[in-house]
Q: 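Sending over a structure as structure tokens; questions will come in a sec.
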Amino acid sequence: MTLQENYQQIVDDQRKYVEQGNTVDYTFRKQQLEKMKKILKDNEKEIHDVLKKDLNKPDHEVILTEIGIIQNELEVAIKNLRYWMQPEKVASPLTHKGSKSYIIKEPLGVVLVMAPWNYPLQLSLVPIIGAIAAGNAVVLKPSEHAPHTSDFLARVVEENFDSSYFTVVQGAVEETTELLKQRFDHIFYTGGSAVGKIVMRAASEHLTPVTLELGGKSPAIVDEDANIQMAAKRIVWGKYTNAGQTCVAPDYLLVQESVKFKLLKAMKKQIKSLFSKNLLQGENYARIINYEHFKRLTAFLNEDHIVHGGEYNEEELIIEPTILDKIDWEDPIMQEEIFGPILPVLHFENIEDALSLIKSREKPLALYYFGENPRMQSQVMEYVSFGGGSINDTFFHLANPYLPFGGVGQSGMGSYHGKAGFDTFSHQKSILKQTTKFDIPFRYSGGTVTSNILKKFLS
Ligand code: NAD
């Protein structure tokens, strides 16, 4: 069987499975979510092991940013599933008197979820929670750059789920290219924008809708009235967790010039207190995914700019948490998403100028504002367009299952997490149920009397 025939078979089997109505039932969907919960619990040790092998993820990061987020999403989905699935009643205008209007949440069918390597478990399973809750069959394509996690996912999915319902396809560019030729009912892609375009192009062949969870340069802004110690701690944590390989990590820092010295001093202190002295040997600190990314990142380490860190261990692919100062917008590090543990610092005099500069660039996936003035907080959140973000925090908005998560413009399209995930993978089928007890006449043509009544009703 060729790759193409094999993938075609998978999609055909899954479509049949959905069309036969196997996934419609509330109890079936709930059981699948419970099963996922059990898989996480039963395989906790192996999950830690595979994430250590792929990225040297520290145990507390695995608990907080991988297993913990998936568990929270599962809890919310299991708790709310029945409610999410219920048809939604909506109002009807006076012209529709006698009728009832409602929306049925219908499964889309067979969905493809393509995941990246940086949170290889969480970014595979959280979209799938939404897809399963919404009653779809799922093909997961995990990232080839996190092979131990991909193998783990392939094994547990095969052992626990009927492949006509949920299956894992492994592989790199050749396999993914073939897979993308199949007709899916939705494609959910997380990763860089170059491949995002490939995905969207392939999806257009079948008019398949897509969700694209992309990246971008997410700023952290620190204003003069910010709680500096708190800002330093939360920026350091958000930036250097997973060695900066986080889509919502603060990419660069914009600080009001009068508090810059104090902030940098506090951040250096926080790096020392939050991370191990032996991090270059891999103690409690993630490594860079591969040599190519390691080389790309170390090229940014210019002695003239390093104010903290800058050391690395080439053998272990580890780069110290690093701060670069005296950076301006034209520097190479400001031209692309960094996706590593290097934080360039820029300063501003007026917040308005800083915001205008952010607005003149592509819309970021996240934005973080540190400052105490509520008016300024609202202004920043409302004046600049970005995927989502926080006031006086970084990263943590992503872990709230009640907040839809997704980008805007070049940082992505569509969203998920909690109910947003269920909605992404559902078709909203609008139904009008009309009465047969009477029939209001004015929609039918019948001279000026009805036209006049109609105009009155519609105005
Ligand atoms: P990646 O290289 O693992 O690629 C993602 C997926 O695309 C994988 O499944 C991979 O097999 C597939 N792929 C790669 N090349 C392909 C090709 N030529 N044709 C078809 N498929 C292909 O991950 P990445 O792109 O390096 O991920 C990093 C990027 O993802 C960053 O830009 C980051 O900001 C973004 N990201 C976004 C989010 C989010 O939630 N918005 C989360 C994590 C990462």
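Every value quoted in this text rests on a predicted model; they were computed, and no experiment measured them. Here, residue 1 is the first one in the sequence, and each next residue gets the next number. Indexing begins at 1, ligand by ligand and atom by atom, following the structure's order.
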Q: Under 4.0 Å, heavy-atom basis, I'd like to know which part of His145 is in contact with ligand 1: side chain, backbone, both or neither.
A: side chain
Q: Would you call the rings of Phe396 and Trp237 parallel, tilted or perpendicular, where under 30° means parallel and over 60° means perpendicular?
A: perpendicular
Q: Should one rank Val113, Asn118, Thr177 by closest heavy-atom distance to atom 43 (C) of ligand 1, which comes out on top?
A: Asn118
Q: Given Thr211, Val169, Ile338, Val195, which has its nearest heavy atom closest to atom 16 (C) of ligand 1?
A: Val195
Q: Just do the ring-ring contact (aromatic ring centres under 6.0 Å, His included) check on Phe339 and Trp117 with the steps written out, would you?
A: CA-CA 12 Å; Phe339 222 56; Trp117 49 263; 5.4 Å; yes
Q: Salt bridge or not for Glu88 and Lys105, using N-O below 4.0 Å?
A: yes
Q: Between Phe188 and Tyr416, what is the ring plane arrangement, given parallel below 30°, perpendicular above 60°, and tilted in between?
A: perpendicular
Q: State whether Tyr119 and Lys57 meet the cation-pi test: NZ (Lys) or CZ (Arg) under 6.0 Å from the six-membered ring centroid, and within 45° of the perpendicular axis.
A: yes
Q: Ser143 heavy atoms, cut-off 4.0 Å: which ligand 1 atoms fall inside?
A: 3 (O)
Q: Check each of Pro116, Ala115, Gly191 against atom 8 (C) of ligand 1 and report the one with the nearest heavy atom.
A: Ala115
Q: Give the atom numbers and elements of ligand 1 that come within less than 4.0 Å of a heavy atom of Phe405.
A: 40 (O)
Q: Salt-bridge test for Lys16 and Glu19: reply yes if a basic N is under 4.0 Å from a carboxylate O, no otherwise.
A: no
Q: List every atom of ligand 1 that sits less than 4.0 Å from any heavy atom of Met114, numbering the atoms from 1 in the order shown and giving each element.
A: 7 (O), 12 (C), 21 (N)
Q: Are any of the N or O atoms of Val173 closer than 3.5 Å to those of ligand 1?
A: no
